[in-house]
Amino acid sequence: MTSWSLLPVALVLLCSSSLCSLVCDLTQGLQEDFSLLNQMSTFSLVPCLKDRTNFNFPKEAMEGSQLQEDATVILHEMLQQIFTLFSQNAVPATWNQIQVTQLLSGLNQQLEQLENCRRQDVEWEEASLGSENTRLALKSYFQGINQYLQRKGYKHCAWEIVRVDIRRAFLFMSKFTRKFRD
């Protein structure tokens with residue numbers, strides 16, 4: 001056997017170790033997304049304070065999730081909902097559109113990473129009842145955001161309020177991923 005024929009075997013052995021779990025580490029991508037959300041608008045929030053609302057981020061539902069499999073399902077749902085929110089609705093023209101595009105690209109890459117994790121994780125299809133409840137809570141949260149934007153006519157201040165709340169969601173996701181990485 002030549003050394004080249006041993007390469008696939010070595011890669012399989014490496015992938016069965018903790019090195020492959022690095023593929024599922026979204027920490028860097030989440031930090032980049034958070035940074036983009038911070039930078040894409042230079043608009044002062046002061047005129048928008050009257051438009052604040054509580055979207056009831058389901059933090060408690062997610063903190064109850066202890067299993068790694070649940071974390072993957074939950075992160076996928078959150079990233080998918082954020083991607084849908086920013087890609088299907090007209091964001092303010094005053095936002096840096098290059099950064100909006102970069103955000104969407106980053107979200108798409110992270111979703112692909114999670115899909116790869118899912119392929120490695122046999123139990124993805126058998127998500128726990130807890131993760132299903134959390135997914136429903138997340139869908140309700142994002143539905144509330146979409147309804148808010150509609151009610152406000154997708155005006156700039158409404159988007160600014162949403163942007164701030166989504167930043168909070170990214171902070172939570174970062175904390176959530178660190179919990180399972182450590």
Side-chain angles (χ1 to χ4, degrees), residues 21 24-38 40-41 45 48-89 91-92 95 100 103-104 106-118 121 123-155 157-182:
S21 67
C24 301
D25 184 5
L26 303 176
T27 308
Q28 180 67 32
L30 293 173
Q31 289 172 348
E32 290 170 8
D33 292 342
F34 180 79
S35 179
L36 285 168
L37 279 169
N38 279 334
M40 70 176 54
S41 176
L45 278 175
C48 301
L49 293 178
K50 67 185 179 327
D51 293 318
R52 282 185 304 183
T53 189
N54 183 356
F55 294 112
N56 296 316
F57 183 72
K59 180 179 169 185
E60 294 78 24
M62 288 185 283
E63 287 179 338
S65 296
Q66 298 297 320
L67 301 174
Q68 179 70 41
E69 296 83 30
D70 286 353
T72 306
V73 170
I74 291 164
L75 288 170
H76 188 274
E77 184 67 36
M78 289 183 75
L79 291 169
Q80 183 64 56
Q81 292 287 339
I82 293 168
F83 180 85
T84 301
L85 177 70
F86 282 93
S87 65
Q88 292 184 350
N89 297 302
V91 298
W95 283 3
V100 172
L103 174 68
L104 290 171
L107 290 168
N108 190 49
Q109 287 174 355
Q110 291 163 19
L111 285 165
E112 287 175 9
Q113 268 186 290
L114 283 173
E115 288 293 325
N116 289 333
C117 293
R118 186 185 103 192
D121 186 0
E123 293 184 38
W124 171 283
E125 300 300 329
E126 299 173 25
S128 74
L129 180 60
S131 69
E132 280 306 309
N133 290 339
T134 303
R135 286 176 73 184
L136 290 173
L138 283 169
K139 286 181 181 191
S140 176
Y141 165 73
F142 281 100
Q143 183 179 21
I145 289 175
N146 280 310
Q147 290 170 346
Y148 170 81
L149 285 169
Q150 281 180 327
R151 269 194 324 273
K152 295 290 187 173
Y154 299 94
K155 294 204 170 119
C157 272
W159 270 109
E160 288 297 332
I161 298 300
V162 167
R163 185 177 67 85
V164 168
D165 215 71
I166 296 300
R167 284 184 358 210
R168 189 175 337 149
F170 273 104
L171 288 173
F172 183 84
M173 284 189 288
S174 291
K175 178 182 169 186
F176 197 63
T177 56
R178 278 193 306 272
K179 174 178 158 181
F180 291 107
R181 189 186 68 195
D182 296 338

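Count residues from 1 along the sequence. From a predicted model like this one, the values you see are computed outputs, not experimental measurements.
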Test side chain to side chain contact (heavy atoms under 4.5 Å, CB included) applied to E112 and N108, step by step: CA-CA 6 Å; E112 287 175 9; N108 190 49; 3.4 Å; yes
Derivation and outcome, side-chain hydrogen bond (donor to acceptor under 3.5 Å, both in side chains), residues N146 and Q88: CA-CA 10 Å; N146 280 310; Q88 292 184 350; over 6 Å; no
Please give me the minimum heavy-atom distance between [X] and [Y], naming the atom from each residue.
X: L36; Y: L103; result: CD1-N, 3.6 Å
X: F57; Y: A169; result: CE1-CB, 3.8 Å
X: R168; Y: D165; result: NH2-OD1, 2.9 Å
X: L104; Y: F83; result: O-CE1, 3.5 Å
X: W95; Y: R163; result: CZ2-CD, 3.6 Å

Residues in side-chain contact (heavy atoms from CB on, under 4.5 Å) contact with D51, at least two apart in sequence or another chain: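 side-chain contact (heavy atoms from CB on, under 4.5 Å) list for D51, sorted by chain: Y148, K152, C157, I161.
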Residues which pass side-chain contact (heavy atoms from CB on, under 4.5 Å) with K139, listed by chain and number, not counting sequence neighbours: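 side-chain contact (heavy atoms from CB on, under 4.5 Å) list for K139, sorted by chain: E77, Q81.
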From CG (L26) to CD (Q113), nearest 0.5 Å: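 Reported value, rounded in 0.5 Å steps: 5.0 Å.
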What I'd like to find out is whether the side chain of [X] reaches to under 4.5 Å of the side chain of [Y], using heavy atoms alone.
X: F55; Y: I166; value: no
X: T134; Y: P58; value: no
X: V91; Y: M40; value: no

Candidate pair E32 and Q28, rule side-chain hydrogen bond (donor to acceptor under 3.5 Å, both in side chains), full reasoning: CA-CA 6 Å; E32 290 170 8; Q28 180 67 32; 3.0 Å; yes
Chi angles and distances behind the side chain to side chain contact (heavy atoms under 4.5 Å, CB included) call for L85, L149: CA-CA 10 Å; L85 177 70; L149 285 169; 3.8 Å; yes
Check: M173 main-chain N/O paired with T177 side-chain donor or acceptor under 3.5 Å: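 Yes, T177 side chain to M173 backbone: donor-acceptor pair under 3.5 Å.
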Derivation of the side chain to side chain contact (heavy atoms under 4.5 Å, CB included) call for L30 and F172: CA-CA 10 Å; L30 293 173; F172 183 84; over 6 Å; no
Intermediate values then yes/no, side chain to side chain contact (heavy atoms under 4.5 Å, CB included), F170 and L79: CA-CA 9 Å; F170 273 104; L79 291 169; 4.3 Å; yes
